[in-house]
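In what follows, chains carry the letters A, B, and so on, assigned in the order in which the sequence lines appear, proteins first and then strands, with residues in each chain numbered from 1.
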Number of protein chains: 2
Amino acid sequence: MILNSHFSELPAHYLFHDIDLRVKAYKAQHPDEHLLRMGIGDVTRPLPRVIVDAMQQAAEELAHEETFRGYCPENGYEWLRQAIIDHFFIPKNIHFQPDEVFVSEGAGSDLGNLSDLFDSNNHVAIMDPTYPAYVDANIMAGRKITLLPCLKENHFVPDLPAQPIDIIYLCFPNNPTGAVLTRDQLRLWVEYAQHNHSLIIFDAAYEAFISSPDIPHSIYEIEGAREVAVEVHSFSKSAGFTSVRCGFVVVPFETGLQPLWMRRQCTKYNGTAYVSQRAAEATFTTEGQKGIHENIRYYKTTASLLLNGLRDAGLEVYGGENAPYIWCNAPNGWDSWTFFEHLLHRCQVVSTPGVGFGQCGEGFVRFSSFANRSDVITSLQRIKERL
Amino acid sequence: MILNSHFSELPAHYLFHDIDLRVKAYKAQHPDEHLLRMGIGDVTRPLPRVIVDAMQQAAEELAHEETFRGYCPENGYEWLRQAIIDHFFIPKNIHFQPDEVFVSEGAGSDLGNLSDLFDSNNHVAIMDPTYPAYVDANIMAGRKITLLPCLKENHFVPDLPAQPIDIIYLCFPNNPTGAVLTRDQLRLWVEYAQHNHSLIIFDAAYEAFISSPDIPHSIYEIEGAREVAVEVHSFSKSAGFTSVRCGFVVVPFETGLQPLWMRRQCTKYNGTAYVSQRAAEATFTTEGQKGIHENIRYYKTTASLLLNGLRDAGLEVYGGENAPYIWCNAPNGWDSWTFFEHLLHRCQVVSTPGVGFGQCGEGFVRFSSFANRSDVITSLQRIKERL
């Protein structure tokens with residue numbers, strides 16, 4: 001058996017696994033210290049009651065012959081796909097058919113699995129720094145990757161590629177920098193894709209954190225995008241579903257990719273858990289919307305606290321306004337891992353080293369507003385006092 | 001953007017989608033007819049109470065700050081991986097480390113996604129007829145496929161390949177034929193793989209239906225298998241989890257594939273739903289075991305009824321003893337789709353055309369013992385009277 005040799009081109013471990021090892025090592029030496037986890041982008045607020053009720057009711061149905069359900073449709077129940085369209089797109093006057101929406105167990109899988117649709121000879125452009133899975137999935141597939149530097153100088157918004165690119169990954173609001181694009185900026189990318197016959201894979205996982213009216217929540221707010229873009233959504237960050245597992249991809253008919261993605265999913269996926277689909281549906285109820293907006297407001301308040309607190313501590317910070325992440329320049333010319341280690345050892349704060357998101361992230365760390373509020377306050381105090 | 005051209009080599013639709021279309025067309029013309037669904041291998045028995053209780057309790061935890069959980073480990077919680085080892089392997093004196101077990105949202109995804117680990121230049125051997133996803137996933141990856149005919153003549157057990165093969169997919173108890181392998185027969189495959197440096201992907205999804213003591217439940221019952229085999233398991237058919245979504249893969253360290261699969265899962269998967277992992281854990285309780293064994297006994301009784309009833313109706317039938325599927329030779333020289341259509345139009349019975357599982361399945365249909373018991377009884381009456 002011949003292995004996929006591209007695996008040998010990957011860094012041996014995934015970023016969060018490396019952080020986990022360092023944190024475990026610290027924990028082993030300091031078993032009594034309470035760690036202030038502001039690293040991995042994982043939510044901490046409990047689910048609204050109405051969502052948990054829907055999950056329990058769905059589970060209850062599986063206990064009785066009359067209401068038991070087996071396999072769910074590979075692309076998700078139509079009631080959920082229609083609810084997604086009604087909630088996310090109709091209010092923006094964007095129209096999709098339910099068959100253009102594919103429910104899944106999460107955006108992480110979708111972003112990785114979309115790779116199956118494309119030849120290995122595509123030239124891919126990916127923001128640097130970025131969510132590591134985009135790069136890793138394309139290394140695994142043996143594709144040529146051009147990194148698009150996102151630096152202080154360009155406000156962490158990449159310049160359009162100088163050469164023609166086949167597939168472009170864009171994530172706005174951005175993980176890890178918290179940068180956003182205005183409609184005018186995003187329009188330039190859609191026009192680039194139209195001129196170069198490129199496909200944009202638009203990761204909208206953090207759209208719920210946008211509050212400025214000039215920032216688009218969806219690439220389909222831009223005319224012409226449905227010919228050149230697929231859009232990946234997650235309930236993880238908007239509704240706190242990291243352990244519930246539900247996301248969706250919009251694959252417009254105009255991209256020509258809808259039949260391929262349907263075929264891929266019918267072959268390699270057996271549908272999203274029924275309980276998770278009912279949980280997603282419950283996010284659209286009045287009470288569900290109220291609950292998840294309260295949680296998002298909570299995280300956004302935390303983000304403001306963090307942004308202002310870090311700034312008060314004399315640190316240079318970006319993002320955090322329409323995004324849950326704060327991108328913090330390391331002081332004293334430290335590199336990312338040095339800053340990470342100082343934060344861990346002096347302040348017991350777990351951050352995410354920026355260089356783990358790409359070479360252009362060197363010299364930064366990412367703070368997450370998903371952290372526990374009191375941990376954030378303690379972190380800020382310690383950072384001011386001890387760093 | 002350049003598409004993966006191998007998609008064009010696939011049949012346009014997935015088998016079950018084609019069946020669905022024909023059934024929908026029939027339903028549209030005969031809206032009042034009750035269809036007797038004995039086709040797709042989907043379970044129908046409700047979940048045992050203890051499993052639903054565990055799911056509801058897990059959902060409840062997500063409603064409260066103190067018990068809320070975010071991302072689950074990409075390879076599953078260790079308590080579940082250890083429970084899997086304790087239940088499936090320790091009683092057979094087979095020992096694995098928890099890191100050799102990967103929990104997932106289902107065997108279907110695992111069987112498709114394992115493809116990521118291998119070069120496109122591997123020569124793959126797949127039983128014919130077979131679960132269509134093995135072939136389709138390897139077509140998508142552009143691999144050379146040799147089909148291993150499973151015919152009446154060889155009792156639906158393929159001969160060892162004449163040439164060296166890199167990757168072999170084996171599914172026993174088999175879907176769709178219901179054929180099984182004895183330990184001695186399976187040993188020949190392990191020896192073949194050792195001699196040819198092949199990897200066996202062993203699909204053990206139906207092992208819970210084995211009752212004969214000479215039939216192995218796991219390929220690891222054969223000495224030397226841990227060097228040459230990964231094994232894919234599902235809770236779908238054993239515990240009725242088709243809508244709950246949980247499975248697991250065993251990737252022994254000795255295969256050399258464990259780090260690659262870990263890397264693949266950490267990149268393209270964000271862990272299995274917490275509720276589903278607690279559901280899987282609950283299958284191992286005394287009450288859980290009692291409940292799922294009752295369900296399996298129920299299906300096995302249905303399989304006997306079907307096997308004997310079809311035989312009484314003068315049909316030639318195979319499988320159904322250590323497997324939930326009955327493989328039925330079409331009468332009157334009909335091909336699979338003709339038999340399917342006669343069953344649908346004359347008896348309102350939905351079967352699965354054997355040819356959908358491969359060319360060697362032509363002339364057969366598959367009946368599933370997961371069907372509703374009273375539907376099975378009605379089906380058998382109609383088949384006797386109307387066919």
Side-chain angles (χ1 to χ4, degrees), chain A residues 1-5 7 10 14 17 40 42-47 49 52 55-56 59-60 62-65 68-72 105-106 108-109 112-113 116-119 121-122 133 136-137 140 166-167 197-199 242-245 260 263-264 266-276, chain B residues 1-5 7 10 14 17 40 42-47 49 52 55-56 59-60 62-65 68-72 105-106 108-109 112-113 116-119 121-122 133 136-137 140 166-167 197-199 242-245 260 263-264 266-276:
Chain A
M1 170 263 304
I2 311 161
L3 290 178
N4 175 347
S5 62
F7 272 76
L10 291 165
Y14 196 68
H17 184 76
I40 191 165
D42 198 356
V43 293
T44 48
R45 304 292 303 156
L47 299 183
R49 187 71 242 170
V52 172
M55 294 172 76
Q56 292 177 328
E60 188 63 38
L62 303 182
H64 307 282
E65 196 167 353
F68 180 81
R69 291 177 187 238
Y71 286 117
C72 305
E105 51 75 38
S109 301
N113 295 337
D116 284 1
L117 305 193
F118 311 116
D119 193 274
N121 284 315
N122 284 286
D136 291 353
M140 285 179 193
D166 300 307
I167 301 173
H197 306 287
S198 331
L199 178 76
T242 54
S243 68
V244 175
R245 310 307 312 142
L260 278 77
R263 195 63 170 77
R264 192 273 171 208
C266 286
T267 303
K268 299 196 190 182
Y269 189 58
N270 275 320
T272 303
Y274 177 59
V275 167
S276 306
Chain B
M1 168 266 301
I2 312 160
L3 290 178
N4 175 347
S5 63
F7 272 75
L10 291 165
Y14 196 68
H17 184 75
I40 191 166
D42 198 356
V43 294
T44 48
R45 303 293 305 156
L47 298 182
R49 188 72 241 170
V52 172
M55 295 172 76
Q56 291 177 329
E60 189 63 38
L62 303 182
H64 307 281
E65 196 167 352
F68 180 81
R69 292 177 186 237
Y71 285 117
C72 306
E105 50 76 37
S109 302
N113 295 337
D116 284 2
L117 306 193
F118 311 115
D119 194 274
N121 285 314
N122 284 288
D136 291 354
M140 285 180 192
D166 300 307
I167 301 173
H197 305 287
S198 333
L199 178 77
T242 53
S243 69
V244 175
R245 308 309 310 142
L260 278 79
R263 195 63 169 77
R264 192 272 170 209
C266 286
T267 302
K268 298 195 189 183
Y269 189 60
N270 275 319
T272 303
Y274 177 59
V275 167
S276 306

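Highest contact tally toward chain B, considering only A:D166, A:N113, A:N122, A:V275, is held by A:N122 [criterion: heavy-atom pairs under 4.5 Å]. Listed options B:G108, B:A63, B:G106 were ranked by heavy-atom pairs under 4.5 angstrom with chain A; first place goes to B:A63. For the options A:D42, A:L260, A:V43, A:D116, heavy-atom pairs under 4.5 Å to chain B are most numerous at A:D42. The most heavy-atom pairs under 4.5 Å with chain A, out of B:L199, B:L62, B:N121, come from B:L62. Annotation: maximal heavy-atom pairing with chain A below 4.5 Å, among B:S5, B:G112, B:P46, occurs at B:P46.
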Verify side chain to side chain contact (heavy atoms under 4.5 Å, CB included) between B:Q56 and A:E60, making sure each step is shown before the conclusion. CA-CA 8 Å; B:Q56 291 177 329; A:E60 188 63 38; 2.9 Å; yes
Determine, stepwise, if the pair A:F68 / B:R45 fulfils side chain to side chain contact (heavy atoms under 4.5 Å, CB included). CA-CA 7 Å; A:F68 180 81; B:R45 303 293 305 156; over 6 Å; no
Just do the side chain to side chain contact (heavy atoms under 4.5 Å, CB included) check on B:K268 and A:M140 with the steps written out, would you? CA-CA 11 Å; B:K268 298 195 189 183; A:M140 285 179 193; 4.0 Å; yes
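Pairing each heavy atom of A:Y269 with each of B:E105, the nearest pair is CE1-OE1, 3.5 Å. Residues A:A273 and B:V244 share a closest heavy-atom pair of CB-O, 3.6 Å.
At least one donor-acceptor pair under 3.5 Å links the side chain of B:S243 to the backbone N or O of A:R69. Formation of a donor-acceptor pair under 3.5 Å by the A:D136 side chain with backbone atoms of B:T267 is not found in this model. Not one N or O on the side chain of A:D119 forms a donor-acceptor pair closer than 3.5 Å with the backbone of B:N4.
For A:I167, the part lying near chain B is the side chain, with the backbone staying farther off; criterion is any non-hydrogen pair under 4.5 Å. For A:Y71, the parts lying under 4.5 angstrom from a heavy atom of chain B are both the backbone and the side chain. Proximity to chain A is limited to the side chain of B:F7, based on heavy atoms less than 4.5 angstrom apart. Looking at A:R49, the atoms closer than 4.5 Å to chain B (heavy atoms on both sides) all sit in the side chain, from C-beta outward. Using a 4.5 Å cut-off between heavy atoms, B:L117 contacts chain A through both its backbone and its side chain. Residue A:E65 touches chain B through both its backbone and its side chain, counting heavy-atom pairs closer than 4.5 Å.
Two residues are said to be in side-chain contact when any heavy atoms from C-beta on lie closer than 4.5 Å; A:T272 and B:R245 fail this criterion.
The CG atom of A:L10 sits 11.5 Å away from the SG atom of B:C266 when rounded to the nearest 0.5 Å. With values rounded to the nearest 0.5 angstrom, B:Y274 atom OH is found 12.5 Å from A:T242 atom OG1.
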